[in-house]
Amino acid sequence: MSNSVRVRFAPSPTGFLHIGGLRTALYNYLYAKHHGGTFILRIEDTDQARFVEGAEEDIIRSLEWCGIEIDESPIHGGEAGPYRQSERKQRYMDAAMQLVEADVAYYAFDTAEEIETMRERLKASGNPSPSYDSITRQSMKNSLTLPSEEVQKRLETGEPYVIRLKVPRRESVQFTDIIRGVVTFETKGLDDQVLMKSDGMPTYHLANVVDDHDMGVTHVIRGEEWLSSAPKHMLLYQYLGWEPPTMAHLPLIMSPSGGKLSKRKAEQEGIPVNTRDYIDGHYEPQALVNFLAYLGWSPGDDSEIHSMDELVDLFSLEKVSKAGAVFNFKKLMWYNEHYLRNQADQALVQRLLELPETNSLPGVTAERLLALLPLLKERITRLDEFFEMGTFFFEDPQAYDEKGLAKAGEIASSMVEALMQTLQAHPKDDLTPEEYKTWLHDTAEAQGVGMGKVMLPTRLAISGAGFGPDLTPSLALLGKETVLRRLQAALNHWSS
RNA sequence: GCCGCGUUCGUCUAGUGGUUAGGACGCCGCCCUUUCACGGCGGUAGCACGGGUUCGAAUCCCGUACGCGGUACCA
């Protein structure tokens, strides 16, 4: 039990759950479940300025919608809590003090302006990216340069301070990343990272390391944007005397136009970027999961479709690719259509009943939806397109497609007229699709035209569109009375 | 600029020294269907470049180019 896998998804509650974050969560989840381990949700709310009310709820709801089951979290509880960093402040301060006492961290009293002045000065003298590091800290106001009595005094008078990591001058930090192999950094390129901010909150770097250790996290699976700061984390583990977890830095999800798939870019490309957009847009969660799983990973064979359980079974970090993956919305739609078609009709009806059209359109009942589903299911990409394409089953058409009308040609009206007469004369009131087909066929023959010449006008008359679900079953579903009424309406409309 | 990571069809990828470089999305065509889709079949298109190593490189090494990330008291 002590060596079982424990992973965490640790988002900041700064907004809706981004699709990239969702994939990170998914990979963590798949890895944990594959190894019979634990999936933890930790809320990294250390940035008070960017905190967004309701973000935590959105994150949890989004994960649940995707079928990602959370084992431990602020609301699911767990032995290693609390799971919100804002509730663990003392723990970080303790760790920071431990580092200060070990002389691997120090107090710094510089104001933002003073740091800015230092940067400007160094920039002017040719340093393109000046940082607070082993060289510059010697000329700044901190517990390394100030006499200890003065440091004491400043601390006692409540002067604002931060605690910085004392990054060594010239050392090599190396670690093995499951996805990238051995990664090496020289400490001279690192700055003296702020560990505790002046508002008493820890920065990501400290909180992350402390929590991962305290929560027994065995594998850190996160986005590649963290790779550059990983050496700081390794230093922290070393100084705190802790065993670092195994690292795995995931390739980034890219925009079709290049670069990280940011909210802004995604909007420009017409890609929904928040998980919430997919929930509200009535997409299939399994499609999103399957698609995301394959964005940067593959089981190594030619398979494409897998349920969450199968993904859990197949997943391995070794097979995650190293390069960024462009988000291909059309492929996602392909997955969506696939999963939509594979849903049980009954389940789909239940979801349809929750859509607003259920109340705005007349005659929407579970029974009717169930009858309509086979006709429309294969033709839609998203569930909510059902009503878009099937409106005519509930309402008489308001307009007729111009192109269809043009294609139907001059004779459309006379065909509709003939059609009406033969249908009115039909002995049955409740025709089957087959009987409607015979009706169309016989009428066409009597008029001396092909089937196409009667089908298109009929379709236009009953639905307003030049294309759509199978005609004869649609006619049967509509009923003779409605069909006749619409034929008449079309005739009036077209000849006026 | 510096540091790090990366580079197989347009896109997602398989591939770990010997393959006609495979699959999927997309796109195109055909079949099915007297609509549109679904489905089936087929086609299109790729190893960034230059040096090595080797009998033999998409696969190993070096370099170049390009891309991406980081370079905050944001995560």
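Here is how names work: the chains are called A, B, and so on, in the same order as the sequence lines, proteins then strands, and each is numbered from 1.
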task = For A/Lys260, answer base if it contacts any base atom (sugar-phosphate contacts may also be present), sugar-phosphate if it contacts only those atoms, and nothing otherwise; contact means non-hydrogen atoms under 4.0 Å.
result = sugar-phosphate
message = Work out how far the P atom of B/G22 is from that of B/U44, and round it to whole angstrom.
response = 11 Å
key: Anti or syn - B/C5, cut at 90° from 0   = anti
task = Output yes when a side-chain donor or acceptor of A/Thr432 lies under 3.5 Å from a complementary backbone atom of A/Glu435, and no otherwise.
result = yes
inquiry  = Can you measure A/Asp470 atom CG to B/C32 atom C1' for me and round it to whole angstrom units?
reply    = 13 Å
note = By nearest-nucleotide position on RNA chain B, the 5'-leaning member of A/Thr184 and A/Met254 is A/Thr184
message = For a quick check of understanding: with a heavy-atom distance under 4.0 Å over all strands, which category does A/Thr46 fall into, base, sugar-phosphate or nothing?
response = sugar-phosphate
key: Touch class at under 4.0 angstrom, heavy-atom based, for A/Leu456 against every strand present   = nothing
task = State whether A/Asp214 and A/Arg88 are salt-bridged, where the test is any N-O pair (Lys NZ or Arg NE/NH1/NH2 against Asp/Glu carboxylate O) under 4.0 Å.
result = yes
key: OP1 or OP2 of B/G39 under 4.0 Å from side-chain N/O of A/Arg341   = yes
Interatomic distance at C1', B/U19 relative to B/C36, whole Å = 41 Å
task = Taking the six-membered ring for Trp and the full ring for Phe, Tyr or His, determine whether the centres of A/Tyr400 and A/Trp494 are under 6.0 Å apart.
result = yes
query = If the C1' atom of B/A75 is compared with that of B/A37, how far apart are they to the nearest Å?
reply = 45 Å
ask   = Is there side-chain contact between A/Ile221 and A/Leu250, with at least one heavy-atom pair below 4.5 Å?
value = yes
Separation of the P atoms in B/G39 and B/U71, to the nearest angstrom = 45 Å
query = Using the benzene-type ring in the case of Trp, are the ring centres of A/Tyr31 and A/His219 under 6.0 Å apart?
reply = yes
key: Spacing of the C1' atoms in B/C9 and B/A45 (rounded, Å)   = 5 Å
request  = Hey, can you tell me if A/Tyr278 and A/Phe329 have their rings parallel, tilted or perpendicular (30° and 60° cut-offs)?
outcome  = tilted
inquiry  = Base, sugar-phosphate or nothing for A/Gly259? Non-hydrogen atoms, less than 4.0 Å.
reply    = sugar-phosphate
message = Regarding A/Asp110, tell me which of base, sugar-phosphate or nothing describes its non-hydrogen contacts under 4.0 Å with the strands shown.
response = base
ask   = How long is the line joining NZ of A/Lys437 and P of B/U33, in whole Å?
value = 9 Å
key: Atom-pair distance (CG on A/Asp177; P on B/G6), nearest Å   = 9 Å
task = Give A/Ser198 one of three labels, base, sugar-phosphate or nothing, depending on what nucleic acid heavy atoms sit under 4.0 Å from its own.
result = base
message = Need the pair for B/G63. Rule: Watson-Crick or G-U wobble, both distances under 3.5 Å, any strand; none if unpaired.
response = B/C49
query = What integer distance in Å separates A/Glu114:CD from B/C73:P?
reply = 14 Å
message = Work out how far the P atom of B/C61 is from that of B/C73, and round it to whole angstrom.
response = 38 Å
query = When the aromatic ring centroids of A/Trp297 and A/Phe315 are compared, is their separation below 6.0 Å?
reply = yes
inquiry  = Between the base of B/G69 and the side chain of A/Ser228, is one N or O donor paired with an acceptor at under 3.5 angstrom?
reply    = yes
ask   = Rounded to the nearest Å, what distance is computed from the NZ atom of residue A/Lys330 to the P atom of nucleotide B/G10?
value = 16 Å
Whole-Å distance separating the CG atom of A/Asp133 from the C1' atom of B/C2 = 12 Å
Check nucleotides 12-15 of chain B against the protein and report each pair of N or O atoms closer than 3.5 Å, with its distance, or say if there are none.
unit_1, atom_1, unit_2, atom_2, d
B/C12, OP1, A/Val326, N, 3.0
B/C12, O2', A/Tyr294, O, 2.9
B/U13, OP1, A/Gly296, N, 2.7
B/U13, OP1, A/Ser321, OG, 3.2
B/A14, O2', A/Gly300, O, 3.4
B/G15, OP1, A/Lys319, NZ, 3.2

request  = Could you check which of B/G4, B/G39, B/A75 has an atom nearest any side-chain atom of A/Trp226?
outcome  = B/A75
query = Angle class for the A/Tyr294/A/Tyr335 ring planes (parallel below 30°, perpendicular above 60°, tilted otherwise)?
reply = tilted
key: For atom CG of A/Asn127 and atom P of B/C3, their distance in whole Å   = 13 Å
5′-ward residue of the pair A/Pro469/A/Lys197 relative to RNA chain B = A/Pro469
query = A/Arg180 has an atom CZ; how far is it from atom C1' of B/G69, in whole Å?
reply = 10 Å
ask   = Relative to each other, are the rings of A/Tyr204 and A/Trp226 parallel, tilted or perpendicular (30° and 60° limits)?
value = parallel
message = For the P atoms, the ones on B/G42 and on B/U34, what distance do you get once it is rounded to whole angstrom?
response = 24 Å
message = Roughly how many Å apart are B/U11 and B/G70, using the P atom of each and rounding to a whole number?
response = 22 Å
